[in-house]
Amino acid sequence: MADFDLIVIGAGPGGYVAAIRAAQLGQRVACVEKESMLGGTCLRVGCIPSKALLESSHLLEEALQGFGGRGIELSGVSLNLGQVMQHKNRVVQTLGGGIDALFKKNKINRLFGHAKLLGGGKVAVAGKEGPQEFSAKHILVATGSQPSTLPGIELDGNRIGTSTEALAFDEVPQHLVVIGAGYIGLEMGTVWRRFGAKVTVLEYLDRILPGMDGETAAEALKLFKKQGLEFRLGAKVTAARAQRGGCVVEIEGAEPLKCDRVLVSVGRRPNTAELGLDKAGVEVDARGFIKVTSDFTTSADGVYAIGDVIGGPMLAHKAEEEGIACVERLYSGYGHVNYAVIPGVVYTEPEIATVGYSEEQLKEQGTEYKKGVFPFMANGRSRASGHGEGMVKVLAHAQTDRILGVHIIGTNAGELIAEAAVAMEFGASSEDLARCCHAHPTLAEALKEAALAVEKRAIHF
Ligand code: NAI
């Protein structure tokens, strides 16, 4: 008999969630992780620590600028970056301990070390206790991704780094240059601007947030510029190197830029090296992503893959959904991921949140649609909280009225998008959403009003 029913490789949000679900379904599960902390990139050096910094930097900016206008007078407000980082580390540690506890509760065997597929349902684990070998009926690869870089960029793990370094700067940069105006560049760029850095974002394309609804991204660009972020669009970075206590960034057809820190955020690539994929007969595509069928089966018998390592949106919650669907298919017979309704959130301030199709995608497909837009400046709660910027946009099918996409830029957009996702998951029309009673005064009323605006009957705008 095999040692386990399932061995999960990687304890990120995809892997650890799949392990827990498989254990709930009565399987004997092991999860291999080479880092001492469970939780993957998301918990250690991604989503969670960045949100801790985002909250702290937001509070600082509010205290420095926002409170005064509302009659709360503060003096002597200053930044203690050491404590900010300690708070971030505590949050990460606590949540990491939480996953350990969940593993114990669900009787999941945590194997420590680097896993390698050996073929024939076997996995080698190179850990502190030396090499060990385990067998399982099913193996699930959930090894995630790592930051990509560009040729010509010399990452030195200090002045020129990726999100990992930008989450742990020991002082506020004087001038941070961010390469790439995607999720990471904007989240970390806005965090360090709020902590006091001058931030210049260099983006190859002529817009920010490629792939996101164009009008929403354009609104975001306007707001970030107003906040003091500098953007150079159409800027192709060709090289970056550390030099005499600073850095130089070279841009095609422009003067080199000097700064003291560089964040390289030009995408991520799958973690497939040293995994023994070849030996086990697991095929990858031209970009290195593991090829899977719609039920997450790889080209090797009994080997499955989910999350960043198979491509698609590199989002923790997409990996979770895939992990659960994969093991539910294996152990309960049914599991499903609705890729049409995977929300995406850029955690800037204001947040940018999106679900479903963008206007550009609908036009490209030739789908006729109606559009309702409602600005937060016309929303009472938004004004009362002092954050009137941004808008909600609802896109609905021209004939059936089914909601096809919702795009929000505004405070708490990441929370508000959940309602849109639920509505879309249930196949709601814009009228369905518009007829739901929303508590007053809430930010969520802006979503209802945008749904009303689809038929030009918004009340407050
Ligand atoms: P990204 O793919 O979001 O953006 C990379 C940007 O770099 C693009 O705008 C691209 O045009 C630009 N770029 C590429 N080459 C360039 C060059 N030579 N010069 C200037 N610009 C260049 O990648 P990012 O921000 O690194 O994030 C990686 C992944 O992590 C994304 O897929 C994202 O989904 C995920 N992520 C998600 C988060 C969230 O859900 N809140 C947070 C952080 C990351």
Side-chain angles (χ1 to χ4, degrees), residues 12-14 40-55 144-153 155 160-167 177-191 200-212 214 217 220-221 224 230-240 249-254 256-257 262-271 287 289 307-321 339 342-355 408-409 413-415 417-418 421:
T41 298
C42 171
L43 176 58
R44 288 183 303 105
V45 283
C47 325
I48 298 297
S50 63
K51 257 81 277 171
L53 295 187
L54 184 141
E55 295 290 351
S145 63
Q146 59 181 291
S148 308
T149 182
L150 296 167
I153 292 191
L155 292 174
I160 304 190
T162 64
S163 44
T164 306
E165 287 76 29
L167 286 167
V177 167
V178 173
I179 306 175
Y183 278 68
I184 295 177
L186 293 176
E187 289 185 11
M188 295 313 300
T190 52
V191 158
T200 306
V201 183
L202 305 176
E203 168 56 49
Y204 175 65
L205 301 173
D206 59 1
R207 57 163 290 173
I208 65 169
L209 294 168
M212 187 167 283
L221 179 63
F224 296 146
E230 273 179 17
F231 285 88
R232 285 170 65 176
L233 303 181
K236 183 178 177 193
V237 173
T238 53
V249 180
E250 289 181 14
I251 306 159
E252 202 173 81
L257 203 58
V262 176
L263 162 60
V264 183
S265 47
V266 293
R268 298 180 63 86
R269 61 192 166 92
N271 283 331
R287 295 166 61 210
F289 292 104
D308 285 8
V309 81
I310 66 167
M314 289 181 152
L315 302 171
H317 45 282
K318 174 256 190 192
E320 282 181 42
E321 294 299 315
Y339 288 99
I342 296 196
V345 181
V346 190
Y347 295 93
T348 43
E349 181 54 52
E351 292 176 350
I352 308 158
T354 169
V355 61
I408 309 177
I409 174 163
E415 304 293 335
I417 203 72

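When a ligand or atom number is given, it counts from 1 through the structure's own listing order.
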[X]: numbered ligand 1 atoms lying under 4.0 Å from its heavy atoms:
X: G180; answer: 6 (C), 7 (O), 12 (C), 21 (N)
X: E187; answer: 39 (C), 41 (N), 42 (C)
X: P210; answer: 8 (C), 9 (O)
X: L205; answer: 11 (O)
X: R268; answer: 28 (C), 29 (C), 30 (O)
X: L315; answer: 34 (O), 37 (C), 40 (O)
X: A235; answer: 19 (N), 20 (C)
X: Y347; answer: 41 (N)

(request) State, with a plain yes or no, whether a side-chain heavy atom of F231 is found less than 4.5 Å away from one of E203. (result)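 In short, these two side chains do not touch, never coming nearer than 4.5 Å.
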
(request) State, yes or no, whether a side-chain contact exists between P147 and V264 at a heavy-atom distance under 4.5 Å. (result)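 Counting from C-beta outward, P147 and V264 never come under 4.5 Å.
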
(request) Please work out whether any backbone atom (N, CA, C, O) or any side-chain heavy atom from C-beta onward of V345 is under 4.0 Å from ligand 1, and answer side chain, backbone, both or neither. (result)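 It is the backbone that gets close, since no side chain atom is under 4.0 Å.
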
(request) Using a 4.0 Å heavy-atom cut-off, say whether L202 meets ligand 1 through its side chain, its backbone, both or neither. (result)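 The answer is the backbone.
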
(request) Pick out which of V346, L221, I352 makes a side chain to side chain contact (heavy atoms under 4.5 Å, CB included) with I208. (result)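 Looking at V346, L221, I352, the match for I208 under the side chain to side chain contact (heavy atoms under 4.5 Å, CB included) is L221.
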
(message) With side chain to side chain contact (heavy atoms under 4.5 Å, CB included) as the test, pick out the partner of V237 among L257, V177, V249, V266.
(response)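 With V237 as partner, L257, V177, V249, V266 yield a single side chain to side chain contact (heavy atoms under 4.5 Å, CB included), made by V249.
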
(message) Quick one about T162 and E165 (side-chain donor to acceptor, distance below 3.5 Å, no hydrogens or angles considered), yes or no?
(response)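 Yes.
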
(request) Step by step, work out the side-chain contact (heavy atoms from CB on, under 4.5 Å) result for R232 and I251. (result) CA-CA 10 Å; R232 285 170 65 176; I251 306 159; 3.7 Å; yes

Of all the non-hydrogen atoms in the protein, which one sits nearest to [atom], and at what distance?
atom: atom 21 (N) of ligand 1; value: Y204 N, 3.1 Å
atom: atom 5 (C) of ligand 1; value: S265 O, 3.4 Å
atom: atom 25 (O) of ligand 1; value: I184 N, 2.8 Å
atom: atom 9 (O) of ligand 1; value: E203 OE1, 2.6 Å
atom: atom 35 (C) of ligand 1; value: M314 O, 3.3 Å
atom: atom 38 (C) of ligand 1; value: Y183 CD2, 3.3 Å

(request) Look at atom NZ of K236 and say whether more than 12 heavy atoms of other residues, nucleotides or ligands are closer to it than 6.0 Å. (result)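 Open.
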
(message) Is it the case that ligand 1 has an N or O less than 3.5 angstrom from some N or O of K51?
(response)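 N/O-N/O distance under 3.5 Å: no.
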
(message) Does any N or O of ligand 1 fall below 3.5 Å from an N or O anywhere on K236, backbone included?
(response)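 No - when backbone and side-chain N and O of K236 are compared with those of ligand 1, no distance drops under 3.5 Å.
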
Run down the list [options] and name the one with the heavy atom closest to [atom].
atom: atom 1 (P) of ligand 1; options: P151, A239, G182; value: G182
atom: atom 14 (C) of ligand 1; options: V266, I352, I208; value: V266
atom: atom 17 (C) of ligand 1; options: T149, L150, T348; value: L150
atom: atom 2 (O) of ligand 1; options: G46, G267, G344; value: G267

(request) Dump the intermediate steps for side-chain contact (heavy atoms from CB on, under 4.5 Å) on F224 and V201, then the final yes or no. (result) CA-CA 11 Å; F224 296 146; V201 183; over 6 Å; no

(message) Tell me the closest heavy-atom pair linking P210 and L205, and the distance in Å.
(response)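 Looking at all heavy atoms of both residues, the shortest contact is CB-CD1, 3.6 Å.
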
(request) For R287 and R269, run side-chain contact (heavy atoms from CB on, under 4.5 Å): C-alpha distance rounded to whole Å, both residues' side-chain angles, the deciding distance at 0.1 Å, then the answer. (result) CA-CA 8 Å; R287 295 166 61 210; R269 61 192 166 92; over 6 Å; no

(message) Set out, in order, the CA-CA distance, both residues' side-chain angles and the distance that settles side-chain contact (heavy atoms from CB on, under 4.5 Å) for V45 and S163, then state yes or no.
(response) CA-CA 7 Å; V45 283; S163 44; over 6 Å; no

(request) Look only at the side chain of E250 and the backbone of T238, and say whether a donor-acceptor pair between them is shorter than 3.5 Å. (result)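 No, because the side chain of E250 does not come within donor-acceptor range (under 3.5 Å) of the backbone of T238.
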
(message) Tell me whether S145 contacts the main-chain N or O of N271 through its side chain, where contact means a donor paired with an acceptor under 3.5 Å.
(response)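 No.
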
